[in-house]
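Note sheet for the following structure.
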Amino acid sequence: QGQLVESGGGLVPAGGSLRLSCAASGRTFSSYTMGWFRQAPGKKREFVASISWSGFISGIIAYYADSVKGRFTISRDNVKNTVDLQMNSLKPEDTAVYYCAADTSRILASTSIEYWGQGTQVTVSS
């Protein structure tokens with residue numbers, strides 16, 4: 001049974017940076033699309049970023065929500081079985097619980113994710 005464990009959340013001032021990391025275990029995730037979602041209080045869980053695996057015809061592709069493009073960067077290390085999210089130029093509206101996700105689909109959708117992490121809190125102060 002696979003498991004995802006996030007780390008790296010915390011409190012940061014606006015304009016600052018954080019790096020989230022997700023450690024996968026229990027199975028091989030190299031053939032899974034990995035990604036990040038977030039959920040702010042009172043709001044639905046939303047997509048942040050994803051990175052596919054090399055087995056798709058399209059190759060490895062990273063997708064980003066429009067709200068984080070140019071500020072966040074997703075990366076994966078299939079040897080270490082990790083996926084990271086580098087977050088720069090953070091804004092108060094980035095405050096949320098961030099969840100790691102994994103699924104065999106090329107595109108991640110919050111309603112059909114096979115594996116979820118437990119979440120890590122990111123708080124950006126104004």
Side-chain angles (χ1 to χ4, degrees):
Q1 187 72 8
Q3 185 178 14
L4 304 175
V5 178
E6 303 96 335
S7 62
L11 174 63
V12 63
S17 299
L18 276 177
R19 188 176 184 89
L20 304 183
S21 186
C22 173
S25 63
R27 63 157 300 137
T28 300
F29 283 89
S30 58
S31 59
Y32 277 65
T33 297
M34 305 291 292
W36 293 88
F37 288 75
R38 67 187 182 187
Q39 187 167 18
K43 294 188 177 182
K44 293 182 179 180
R45 190 170 298 189
E46 64 175 7
F47 170 79
V48 175
S50 68
I51 184 165
S52 60
W53 69 290
S54 59
F56 291 114
I57 293 176
S58 54
I60 299 174
I61 296 179
Y63 292 98
Y64 298 93
D66 288 342
S67 59
V68 307
K69 278 182 182 176
R71 301 188 296 122
F72 290 11
T73 302
I74 189 170
S75 60
R76 66 186 297 166
D77 185 327
N78 287 336
V79 175
K80 295 181 179 179
N81 236 7
T82 58
V83 58
D84 291 349
L85 184 69
Q86 177 65 43
M87 306 186 294
N88 298 328
S89 302
L90 283 161
K91 304 175 182 179
E93 51 262 44
D94 294 317
T95 295
V97 177
Y98 283 70
Y99 296 90
C100 182
D103 196 80
T104 53
S105 300
R106 184 172 62 88
I107 304 294
L108 296 184
S110 62
T111 54
S112 58
I113 297 294
E114 184 172 354
Y115 295 101
W116 286 105
Q118 83 288 352
T120 186
Q121 177 70 46
V122 171
T123 303
V124 184
S125 61
S126 56

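These figures come from a predicted structure and were not determined experimentally. Position 1 is the first residue of the sequence; numbering continues from there.
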Requested in this report: Begin with the C-alpha distance, continue with both residues' side-chain angles, and end with the deciding distance and a verdict on side chain to side chain contact (heavy atoms under 4.5 Å, CB included) for F72 and L18.
Outcome: CA-CA 10 Å; F72 290 11; L18 276 177; over 6 Å; no
Query raised in the report: Has the side chain of E46 got a donor or acceptor atom that lies under 3.5 Å from a matching backbone atom of R38?
Result: no
Report task. Decide yes or no on side chain to side chain contact (heavy atoms under 4.5 Å, CB included) for L4 and F29, but give the supporting numbers first. Result -> CA-CA 10 Å; L4 304 175; F29 283 89; 4.0 Å; yes
Query raised in the report: Just by modelled atom types, is the S105 backbone N or O under 3.5 Å from a matching donor or acceptor in the T33 side chain?
Result: yes
Query raised in the report: Between the main-chain N or O of D84 and the side-chain N or O of S21, is there a donor-acceptor pair closer than 3.5 Å?
Result: no
**Report entry** Intermediate values then yes/no, side chain to side chain contact (heavy atoms under 4.5 Å, CB included), S25 and V5
**Finding:** CA-CA 8 Å; S25 63; V5 178; 5.7 Å; no
Query raised in the report: Hey, are the side chains of I74 and M34 touching, using non-hydrogen atoms and a 4.5 Å cut-off?
Result: no
Query raised in the report: Is R27 reaching over with its side chain to a backbone N or O of G2, donor-acceptor style, under 3.5 angstrom?
Result: no
Query raised in the report: To the nearest 0.5 Å, what is the distance between OG (S112) and CD1 (I107)?
Result: 11.0 Å
**Report entry** Polar side-chain atom of N88 near backbone of S17 as donor-acceptor pair, under 3.5 Å
**Finding:** no
Query - Positive for side chain to side chain contact (heavy atoms under 4.5 Å, CB included) with V122, one of L85, T95, L20, V97 - result: L20
Query raised in the report: Is the shortest side-chain N to carboxylate O distance from D94 to K91 below 4.0 Å?
Result: no
Query raised in the report: What distance separates L108 CG from I113 CD1, expressed to the nearest 0.5 Å?
Result: 4.5 Å
Report task. State, to 0.1 Å, how close P92 and A14 come at their nearest heavy-atom pair, and which atoms those are. Result -> CD-CB, 4.1 Å
Query raised in the report: Which class fits the ring pair F47 and F37: parallel under 30°, tilted 30 to 60°, perpendicular over 60°?
Result: perpendicular
Query raised in the report: Between E114 (side chain) and A102 (backbone), is there a donor-acceptor pair under 3.5 Å?
Result: no
Report task. Any chance you could measure T123, atom OG1, to L90, atom CG, to the nearest 0.5 Å? Result -> 10.5 Å
Query raised in the report: About how many Å separate SG of C22 and CG of N81, when rounded to the nearest 0.5 Å?
Result: 9.0 Å
Query raised in the report: Any side-chain heavy atom of Y98 within less than 4.5 Å of one from E6?
Result: no
Requested in this report: Take W36 and C100, measure what side chain to side chain contact (heavy atoms under 4.5 Å, CB included) needs, and give me the verdict at the end.
Outcome: CA-CA 5 Å; W36 293 88; C100 182; 4.2 Å; yes
Query - Short side-chain donor-acceptor distance under 3.5 Å, R76 and Y32 - result: no
Query raised in the report: Counting distance only, does the side-chain N/O of T73 pair as donor-acceptor with the main-chain N or O of Q86 below 3.5 Å?
Result: no
Query raised in the report: Taking all non-hydrogen atoms of both residues, which atom of D66 and which atom of K69 are closest, and how far apart?
Result: OD1-NZ, 3.2 Å
